[in-house]
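Scroll down for the structure; my scribbles are underneath it.
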Protein chains: 2
Amino acid sequence: SVNPDLASERQTASFSVEKLTVWLDGGVENTRTRRAVVEAIESDPEFSRENEYFESQNERYEAAVRKAVHLQKKMHEMGWTENGLEYKYIYRALAGDIAFLLHRIFMRSISMLGSDKQIAKWIPLASRCQLIGSYAQTELGHGTYLQGLETTAVFDITTQEFILNTPKISAMKWWPGDMGRSATHTVAFAQLYVQGKCYGVHPFIVQIRSLQDHSLCPGITAGDIGPKMSFEHADNGFLLLQSVRVPRENMLSKFCEVQPDGTYVRWGSQKINYFTMTSVRISLLSDEVVVPTMKACTIAIRYSVVRRQSELKPGEQEAKILDYQTQQEKLLPQLAAAYAFYFINGYLQELFDNGYKEIQKKNFDMLPELHAFSSGFKAVVTQQCTSAVEICLRACGGHGYSLLSGLPSLYTKILASCIYEGENTILLLQTARFLIKCFMAASAGQPVPPSVTYLAAVKPRRCPAKEKLDFLSPDIYTEAYQHMAARLVSSTAAKLQDLIQSGVKKHDAWNQCTVQMAQAAKAHCHYIAVKNFAETVEKLQTQAGIQKIMKHLCDLFALHGIFSNAGAFLHDGYLSGAQMDMVTASYLDLLPIIRKDAVPLVDAFDFTDKSLNSALGSYDGHVYQRLYEWAQKSPTNKQMSPAYEKYLKPLLHNKLSKL
Amino acid sequence: SVNPDLASERQTASFSVEKLTVWLDGGVENTRTRRAVVEAIESDPEFSRENEYFESQNERYEAAVRKAVHLQKKMHEMGWTENGLEYKYIYRALAGDIAFLLHRIFMRSISMLGSDKQIAKWIPLASRCQLIGSYAQTELGHGTYLQGLETTAVFDITTQEFILNTPKISAMKWWPGDMGRSATHTVAFAQLYVQGKCYGVHPFIVQIRSLQDHSLCPGITAGDIGPKMSFEHADNGFLLLQSVRVPRENMLSKFCEVQPDGTYVRWGSQKINYFTMTSVRISLLSDEVVVPTMKACTIAIRYSVVRRQSELKPGEQEAKILDYQTQQEKLLPQLAAAYAFYFINGYLQELFDNGYKEIQKKNFDMLPELHAFSSGFKAVVTQQCTSAVEICLRACGGHGYSLLSGLPSLYTKILASCIYEGENTILLLQTARFLIKCFMAASAGQPVPPSVTYLAAVKPRRCPAKEKLDFLSPDIYTEAYQHMAARLVSSTAAKLQDLIQSGVKKHDAWNQCTVQMAQAAKAHCHYIAVKNFAETVEKLQTQAGIQKIMKHLCDLFALHGIFSNAGAFLHDGYLSGAQMDMVTASYLDLLPIIRKDAVPLVDAFDFTDKSLNSALGSYDGHVYQRLYEWAQKSPTNKQMSPAYEKYLKPLLHNKLSKL
């Protein structure tokens with residue numbers, strides 16, 4: 001039985017939830033496959049997440065290893081392959097707590113950076129799990145600035161080996177996943193020295209643990225870096241190398257090699273390295289960022305129609321909290337953002353696939369644009385989705401703060417996405433550098449990629465909207481975003497040039513513009529996101545019911561952005577104060593409209609209860625019962641705490657009297 | 001020895017750190033006492049926090065109980081009393097992990113709501129810890145809306161008892177601290193029924209556990225609500241009452257009573273109840289909100305001068321990350337906010353003390369203003385400080401995400417302050433209600449409290465600033481804030497009236513204005529915070545060095561607020577786009593100025609290393625060494641995980657071959 005307050009929300013849906021689900025999945029075959037994978041995994045007790053919220057870091061790690069090993073068996077049993085349709089749904093179905101993700105990066109880096117001979121040797125071993133790999137790049141003292149890595153690899157010509165060392169504490173490898181306790185091997189990045197000359201950072205395959213008894217190899221110190229805000233299941237590790245010798249053949253050498261006589265040879269382009277990072281940044285957006293945001297919206301919106309609090313109309317039953325404007329204004333823009341970024345993910349994937357085709361033809365022209373887009377959107381989407389999950393958590397009040405709501409673990413995990421795979425501010429500045437370059441080129445009449453031609457067209461303009469309904473026109477708001485982004489890019493470029501012309505050194509001038517650069521990069525991504533949402537809605541013409549609600553969400557996404565970033569649109573008078581009032585009115589008017597379909601809109605994400613793992617967000621809405629049931633399972637209720645015998649009893653009994 | 005990069009920051013301080021510390025403490029006697037308390041507590045191994053980051057919820061609870069019991073002994077030993085100067089520093093020195101805080105609320109509620117006879121009976125027992133109290137107000141289904149509580153207390157005239165019941169699952173008490181495992185007694189709030197008539201919510205003293213063996217009393221079901229995002233040490237509990245009988249004397253009866261014949265009598269004013277909440281909201285700001293923000297700033301700023309990353313000037317040593325504009329722009333406004341809210345806390349305390357004096361003279365005139373201010377500032381300060389701590393965490397990159405940085409636990413704890421003691425949105429709307437009322441009164445020429453007379457003076461105006469230096473004048477920016485706040489209040493009031501006049505029902509009209517109401521309330525508080533900071537700086541005339549740097553911080557606080565909320569100032573043309581550019585320029589110019597004193601400014605907060613409990617933030621700056629030392633202490637490194645024998649060994653050995 002479903003809680004009647006939740007059930008009633010589903011009876012009035014303005015569209016078919018199943019049709020929306022299928023459309024989001026990209027077709028009925030995908031939906032069917034996804035559901036089959038989810039069913040197979042969730043029905044297998046080895047993959048249970050039932051006790052996750054009660055487990056220690058050690059227990060979480062153990063469970064993640066168990067699942068990773070079991071998954072191998074499961075895939076074999078089910079006939080799932082790494083190239084099959086099922087594969088992309090497995091990780092989503094597992095909902096994250098699984099070991100050996102770095103083993104894949106280990107394999108990917110050998111495949112991309114290794115010679116044919118190295119690939120032939122290592123990849124079969126790794127595929128059969130005859131070793132467990134990791135990827136040791138980040139050090140205690142260096143994350144974003146890879147050129148600054150301090151680990152050294154000195155070529156010993158007499159033994160034909162590289163000698164790897166951690167020369168100081170800040171050079172210790174720190175953070176690599178699967179390394180603290182699991183990995184037997186790793187790809188370690190180190191400064192290559194040959195005959196006293198440094199050739200920069202290169203990757204080396206290093207064995208770190210015995211295959212016989214898992215003991216650390218000679219010269220290796222390694223372990224777990226301890227508790228983190230989340231990722232309890234991942235054994236992020238440290239690694240200290242003391243005169244660790246690896247054969248000459250262990251330097252990955254698709255692009256360069258140290259020959260037996262110590263000659264250093266380099267061939268091929270290094271640009272392709274960016275492409276790996278581009279691919280990782282795009283692929284993490286879906287599973288690690290957009291899906292968790294959709295889950296948070298599902299939990300918070302379902303809870304907000306079950307939770308009743310206070311009187312909205314005097315004398316009536318207490319109102320569902322989603323009927324309050326302030327609650328709608330918290331949650332519905334996050335729902336719209338979840339859809340917007342789901343679509344952007346598709347857009348980036350397409351851009352990437354096209355780029356990849358060109359690259360296979362040895363055409364690298366699209367690399368700068370791809371790099372700029374993947375960097376900027378990685379930053380903007382992780383930032384906005386992290387904020388969305390936090391808003392969802394807080395919108396559920398005290399119960400949202402309980403781990404049992406599922407929201408705290410979504411939040412603490414998604415927060416990391418703002419930091420890993422490129423710190424967001426650094427990434428935004430890379431996007432900004434690209435935009436400034438394109439702006440300069442476009443201003444000088446040179447050709448630029450189609451996505452940034454708009455930068456050439458900066459001129460003083462005013463928004464033509466005359467009444468609030470005009471702001472429900474995608475042309476009107478897309479134009480506004482475009483104008484705003486172009487203005488921020490051009491004014492930052494102008495500031496940079498002015499500073500340089502006034503005699504400030506280039507690097508100082510750049511530094512003095514970085515706050516505004518980051519804003520300009522965000523504005524560009526926001527514009528593309530709005531434009532892409534509007535285009536996605538337009539293409540949907542045949543499915544009227546779905547198109548209508550998607551149009552509302554697109555309007556909400558766009559107007560929320562103008563409402564909450566009003567200064568950028570008012571600054572040069574593109575929007576007047578009166579027009580901003582129209583935006584506000586249209587924006588607030590949309591809230592009760594979307595509110596009506598809020599539950600169907602999250603139902604369409606099609607998360608199972610097990611995958612949400614939330615006492616507040618389950619499909620049946622039995623929030624309070626589930627909180628109570630789950631709390632009783634907590635280890636804190638398993639037996640009387642020793643604190644009673646040790647501290648409370650002496651305290652109370654010392655002074656016991658008749659009360 | 002101190003890390004030289006950190007040491008050099010201290011040599012160039014533009015003011016005396018010790019003098020600033022003493023001034024912040026409010027005099028040298030306070031500083032001396034604070035340090036003595038901190039020293040006494042930190043040198044006592046019973047209060048050690050060394051293993052905090054590695055402990056389970058059960059272990060944290062046990063430690064918190066141990067500390068609470070030990071504190072009693074310690075206070076006796078040291079001669080510290082609840083009325084002494086030392087008392088206000090104890091909690092800060094303990095840094096939070098201590099049990100029985102709800103025991104104080106239990107006592108406070110009996111003192112305030114109990115009859116003389118009840119006080120005489122219960123307070124001595126509670127003071128001597130012959131019982132342990134809790135405070136059971138919140139239920140599963142009701143938090144903010146107290147009138148909706150569902151627990152019942154029915155008067156049984158034949159036995160002269162109240163019969164307490166939890167009629168449904170949503171009526172279960174949920175969240176009360178110290179209740180899950182510790183408390184023997186509680187003050188439970190329930191709907192009072194006498195002879196079938198409901199008299200609303202009243203407080204009852206209920207025994208829940210045996211004083212002999214701590215077993216639950218008949219009719220009581222209670223336990224811990226399980227894991228939360230923080231507060232692992234607190235046994236937040238649930239409580240289910242099944243026909244639990246308490247004598248008639250157990251209803252707290254300072255203001256009302258059920259007489260033996262069932263007659264219900266009420267006397268006195270209930271308004272005073274608001275005053276308790278007012279007092280709690282103000283007192284939590286210091287220890288739970290401002291102090292953690294100061295700690296986060298200390299950690300992030302010290303780390304940011306030790307961490308070097310990337311080349312700022314080509315060919316030079318890698319730069320301290322605090323030398324990047326983007327890092328300054330993240331951290332320094334948070335530092336300015338920490339100071340601003342420290343001063344606001346003093347302002348509110350003074351307002352409260354004055355109000356209390358009046359109330360003791362039975363003059364309740366100040367109550368609405370006090371309630372509005374404490375509500376609004378509770379919301380604004382907790383919101384902004386939570387955001388500040390998150391920014392500090394993220395500004396430390398990956399290492400900030402490690403629990404060992406101290407930042408995750410500061411964040412997960414301060415986040416709760418946005419929810420407890422009044423959910424922030426609800427509080428802002430209470431402030432807004434007061435502001436709208438005052439605006440209406442002022443517009444009608446009626447008298448209003450001095451803090452809101454400015455609302456009467458709304459008129460179209462323009463900021464007189466002509467160049468960027470003008471924006472370093474407190475008059476200029478305080479005026480801008482005042483104008484903006486008044487405009488938001490008046491335009492929201494106008495919208496509300498328009499809606500009502502156009503026939504929308506009052507409660508619907510109110511609901512449709514709440515998003516803007518909340519903005520108006522925030523704007524008012526922001527204005528008062530800026531004004532108060534500027535006045536605090538002005539009063540500092542005699543201490544030139546300190547006044548100068550405080551003036552910079554005040555400017556930064558004010559201009560950051562305008563920069564990041566530009567739309568509100570541009571909307572009606574009070575600031576032009578050109579003036580906004582001046583604001584931006586002045587704002588960005590301030591960053592490198594304050595950056596020079598950033599370390600001395602956090603040193604002045606005078607936190608010991610033990611109190612920060614951060615591998616990144618300690619006074620000596622040995623960041624990397626400490627991360628490594630602390631990580632080695634983690635239970636994850638104590639022994640080989642059973643996962644090896646169970647899962648990894650079979651996996652690897654199955655397929656073992658010579659590599």
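Protein chains get the first letters and strands the later ones, always in sequence-line order, with residue 1 at the start of each.
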Tell me, side chain or backbone of [X] under 4.5 Å from chain A's heavy atoms, or both, or neither?
{"X": "B:Asp589", "result": "neither"}
{"X": "B:Leu575", "result": "neither"}
{"X": "B:Tyr411", "result": "side chain"}
{"X": "B:Gln625", "result": "both"}
{"X": "B:Met517", "result": "neither"}
{"X": "B:Phe238", "result": "side chain"}
{"X": "B:Phe563", "result": "side chain"}
{"X": "B:Leu393", "result": "side chain"}

Looking at chain B, which one of [options] has the largest number of heavy-atom pairs inside 4.5 Å, strictly under?
{"options": "A:Gly143, A:Ser56, A:Pro592", "answer": "A:Gly143"}
{"options": "A:Ser402, A:Ala566, A:Pro635", "answer": "A:Ser402"}
{"options": "A:Arg308, A:Glu311, A:His70, A:Lys505", "answer": "A:Glu311"}
{"options": "A:Ala64, A:Gly148, A:Ser641", "answer": "A:Ser641"}
{"options": "A:Ala578, A:Gly397, A:Ala568, A:Gly400", "answer": "A:Gly397"}

Give, as side chain, backbone, both or neither, the part of [X] having an atom under 4.5 angstrom from any heavy atom of chain B.
{"X": "A:Thr144", "answer": "both"}
{"X": "A:Leu588", "answer": "side chain"}
{"X": "A:Thr412", "answer": "both"}
{"X": "A:Lys168", "answer": "neither"}
{"X": "A:Ala416", "answer": "both"}
{"X": "A:Ile419", "answer": "side chain"}
{"X": "A:Tyr61", "answer": "side chain"}

Hey, does the side chain of [X] reach the backbone of [Y] with a donor-acceptor pair shorter than 3.5 angstrom?
{"X": "A:Tyr401", "Y": "B:Leu415", "answer": "no"}
{"X": "A:His653", "Y": "B:Gln212", "answer": "yes"}
{"X": "A:Gln512", "Y": "B:Gln325", "answer": "no"}
{"X": "B:Asp224", "Y": "A:Asn637", "answer": "no"}
{"X": "A:Glu329", "Y": "B:Val515", "answer": "no"}

[atom1] of [X] to [atom2] of [Y]: how many Å apart, nearest 0.5 Å?
{"X": "A:Ile132", "Y": "B:Leu652", "atom1": "CD1", "atom2": "CG", "value": "4.5 Å"}
{"X": "A:Ile169", "Y": "B:Tyr624", "atom1": "CD1", "atom2": "OH", "value": "11.0 Å"}
{"X": "A:Lys228", "Y": "B:Ser405", "atom1": "NZ", "atom2": "OG", "value": "13.0 Å"}
{"X": "A:Ser491", "Y": "B:Asp581", "atom1": "OG", "atom2": "CG", "value": "7.5 Å"}
{"X": "A:Ile225", "Y": "B:Leu627", "atom1": "CD1", "atom2": "CG", "value": "8.0 Å"}
{"X": "B:Ser576", "Y": "A:His571", "atom1": "OG", "atom2": "NE2", "value": "8.0 Å"}

Exercise. What's the verdict on side chain to side chain donor-acceptor pair (under 3.5 Å) for A:Thr636 and B:Gln57, showing C-alpha distance, side-chain angles and the deciding distance?
Worked result: CA-CA 7 Å; A:Thr636 51; B:Gln57 197 186 350; 4.7 Å; no

State, with a plain yes or no, whether a side-chain heavy atom of [X] is found less than 4.5 Å away from one of [Y].
{"X": "A:Leu648", "Y": "B:Arg181", "result": "no"}
{"X": "A:Thr425", "Y": "B:Gln327", "result": "no"}
{"X": "B:Arg394", "Y": "A:Gln383", "result": "yes"}
{"X": "B:Tyr324", "Y": "A:Asn511", "result": "yes"}
{"X": "A:Ser634", "Y": "B:Pro227", "result": "yes"}

Closest-packed option against chain A by number of heavy-atom pairs under 4.5 Å, given [options]:
{"options": "B:Thr514, B:Thr184, B:Asn236, B:Leu240", "answer": "B:Thr514"}
{"options": "B:Gly573, B:Ala518, B:Pro314", "answer": "B:Pro314"}
{"options": "B:Gly398, B:Gly223, B:Ser182, B:Ser409", "answer": "B:Gly398"}
{"options": "B:Ala99, B:Gly226, B:Ser230, B:Ser564", "answer": "B:Ser230"}
{"options": "B:Trp174, B:Phe54, B:Phe231", "answer": "B:Trp174"}
{"options": "B:Thr138, B:Leu404, B:Asp508, B:Asp213", "answer": "B:Asp213"}

Exercise. What is the ring orientation for B:His214 with A:Tyr644, classed by angle as parallel under 30°, tilted 30 to 60°, or perpendicular over 60°?
Worked result: parallel

Exercise. B:His399 vs A:Trp175 aromatic rings, parallel, tilted or perpendicular, using cut-offs 30° and 60°?
Worked result: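 Answer is parallel, since the angle falls under 30°.
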
Is [X] salt-bridged to [Y], cutoff N-O under 4.0 Å?
{"X": "B:Glu645", "Y": "A:Arg66", "result": "no"}
{"X": "A:Glu423", "Y": "B:Lys330", "result": "yes"}
{"X": "A:Lys646", "Y": "B:Glu62", "result": "yes"}

For this session: Run the numbers on A:Leu651 and B:Gln72 for side chain to side chain contact (heavy atoms under 4.5 Å, CB included), then give the verdict.
Result: CA-CA 10 Å; A:Leu651 180 76; B:Gln72 281 229 319; 3.9 Å; yes

Exercise. B:Glu318 and A:His142: side-chain donor and acceptor closer than 3.5 Å?
Worked result: yes

